[in-house]
Protein chains: 2
Amino acid sequence: MACEEAFFKKLRERGFRLTPQREMVLSVLHQIGDFATAEQIHDKVHALSSSVDISTVYRTLDLFEDFRMVSCVERGDGQRVYELLGMHGPHLHLVCSGCGSVMGAELDLARPLAVCLREDYGFEVDVNRLHIPGFCHECQPVSGEAATVEKR
Amino acid sequence: MACEEAFFKKLRERGFRLTPQREMVLSVLHQIGDFATAEQIHDKVHALSSSVDISTVYRTLDLFEDFRMVSCVERGDGQRVYELLGMHGPHLHLVCSGCGSVMGAELDLARPLAVCLREDYGFEVDVNRLHIPGFCHECQPVSGEAATVEKR
DNA sequence: CTTGTTATTGCCATTATGTGCAGTTACTAT
DNA sequence: ATAGTAACTGCACATAATGGCAATAACAAG
Ligand SMILES: [Mn+2]
Ligand SMILES: [Mn+2]
Ligand SMILES: [Zn+2]
Ligand SMILES: [Zn+2]
């Protein structure tokens with residue numbers, strides 16, 4: 001595919017190498033299309049080549065993130081999910097603290113806030129990495145009683 | 001202190017118990033004043049009572065977070081830092097991807113975004129938990145070349 | 001004060017992720 | 001094609017954080 005070729009070229013331009021492991025992770029991300037955990041990705045890569053280690057998957061996802069090809073979201077449970085950008089394009093991530101679902105949102109909505117923070121604090125917001133905690137439509141907290149603490 | 005008493009009362013009102021461990025963690029957080037890792041907190045608690053386990057510290061910090069007394073920030077390195085609210089009051093957290101520093105910012109700046117997301121997506125933003133990635137004044141990325149990837 | 005209930009703790013196992021290192025392999029230049 | 005360089009990998013291990021569980025202790029009631 002064309003988009004992959006462009007990525008491979010950029011890789012080499014910057015001194016990185018194109019390895020079968022990286023090709024496989026990228027291919028698997030394409031195949032999945034949706035969010036996936038490192039382990040889910042590793043499972044599919046493992047099916048293609050059983051010697052690939054999960055640490056390589058982590059390192060590859062990290063690299064893809066640096067290249068802005070993949071976005072990573074910390075889900076409510078202690079696991080991260082990774083998503084291939086480029087098809088949906090960059091977007092905000094609304095992460096529901098109730099059900100753990102992740103919703104994409106128009107990135108431009110965060111622009112005014114970014115401008116404020118640059119002007120008032122000299123802080124350059126990385127809007128691509130912004131993920132916003134809260135509650136989705138199904139999980140609205142009991143109105144009025146905002147700070148209810150659940151017994152364990 | 002008065003603010004601690006108020007918290008202890010709220011604890012019991014909701015069926016939680018006031019234990020020496022919880023008192024110690026709260027006292028240590030006061031003493032530290034700044035951000036601290038779970039391990040730093042545990043060290044100081046351990047000095048007061050050497051049998052307290054770090055898992056208890058984690059659970060206590062979790063509880064304090066539920067009570068909105070403590071705010072937790074995922075720092076760049078794989079560690080979280082905890083901060084006692086109430087003195088500074090709630091605020092946004094600007095987390096620098098360069099140096100790992102955390103800056104507090106006026107919470108109201110995020111209000112317009114929250115309104116947009118509620119109206120457009122039915123998503124109720126939890127502004128207290130919002131932390132914003134980017135680069136502080138000292139760590140401004142090379143302008144123009146946004147997506148520079150470092151060799152490892 | 002004594003007793004009962006059950007939230008909480010300490011301990012230990014487990015999970016998700018990161019790292020050091022020596023052997024391997026992709027790329028470059030001859 | 002061959003050889004040199006250094007990026008990359010697999011493996012083993014380290015680390016931060018979480019979860020199960022039986023023993024403990026905080027609180028309420030008598
Ligand atoms: Mn997304
Ligand atoms: Mn703060
Ligand atoms: Zn939800
Ligand atoms: Zn910085």
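Every chain is numbered from 1 and lettered A, B, ... according to where its sequence line falls, protein lines coming before strand lines.
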| field | dC27(C) phosphate, OP1 or OP2, under 4.0 Å from Arg12(A) side-chain N/O | value | yes

| Distance, rounded to the nearest Å, where Asp77(B) contributes CG and dA16(D) contributes P | 9 Å

| field | Side chain of Asp53(B) (C-beta onward), nearest among dG20(C), dC11(C), dT9(C) | value | dC11(C)

| Can you find a side-chain donor-acceptor pair between Glu83(A) and His91(A) that sits under 3.5 Å? | yes

| Nucleotide dA7(D), atom P - distance to CZ of Arg14(A) in whole Å | 16 Å

| request: Kindly say if Thr56(B) contacts the phosphate of dG10(C), meaning a side-chain N or O under 4.0 Å from OP1 or OP2. | output: yes

| said: Rounded to whole Å, how long is the line connecting atom CD of Glu13(A) with atom C1' of dT28(C)? | reply: 16 Å

| Salt-bridge criterion met for Asp126(A) and Arg129(A) (N-O under 4.0 Å) | yes

| task | Using a strict cut-off of less than 4.0 Å between a Lys/Arg side-chain nitrogen and an Asp/Glu carboxylate oxygen, indicate whether Arg111(B) and Asp108(B) qualify as a salt bridge. | result | yes

| said: Can you tell me if Tyr58(B) touches the phosphate of dA17(D), counting only side-chain N or O atoms and a distance under 4.0 Å to OP1 or OP2? | reply: yes

| Of all the choices, dC27(D), dC12(C), dT8(C), which nucleotide is nearest to the side chain of Leu18(B) once you look at every atom? | dC27(D)

| query | Under 4.0 Å between a side-chain N or O of Gln21(A) and OP1 or OP2 of dG10(D)? | reply | yes

| Spacing between Phe8(B) atom CZ and dA26(D) atom P, to the nearest angstrom | 14 Å

| request: Let me know, please, whether Gln79(B) or Arg17(B) comes out on the 5' side of the other along DNA chain D by nearest nucleotide. | output: Gln79(B)

| note | Arg59(B) atom CZ is separated from dT9(C) atom P, nearest whole Å, by 7 Å

| field | Output field: ring centroids Phe7(A)/Phe64(A) closer than 6.0 Å | value | yes

| query | When you check the phosphate oxygens OP1 and OP2 of dT8(C), does a side-chain N or O of Arg22(B) lie under 4.0 Å from one of them? | reply | yes

| said: Side chain of Thr19(B) only, heavy atoms from C-beta on: which candidate in dT8(C), dC27(D), dG10(D) is closest? | reply: dT8(C)

| query | Would you say the base of dA16(D) and the side-chain of Arg80(B) have a donor-acceptor pair closer than 3.5 Å? | reply | no

| query | How long is the line joining CG of Leu61(B) and P of dT8(C), in whole Å? | reply | 15 Å

| said: Can you confirm whether or not the ring centre of Phe16(B) sits under 6.0 Å from the ring centre of Phe8(B)? | reply: no

| What integer distance in Å separates His42(A):NE2 from dA16(C):P? | 13 Å

| note | By nearest-heavy-atom nucleotide on DNA chain C, the more 5' of Leu11(B) and Ser55(B) is Leu11(B)

| From dA12(D), dG10(C), dA26(D), pick the nucleotide closest to the side chain of Ser51(B)? | dG10(C)

| message | I need the CD-C1' distance between Glu65(A) and dG18(C), as an integer number of Å. | response | 14 Å

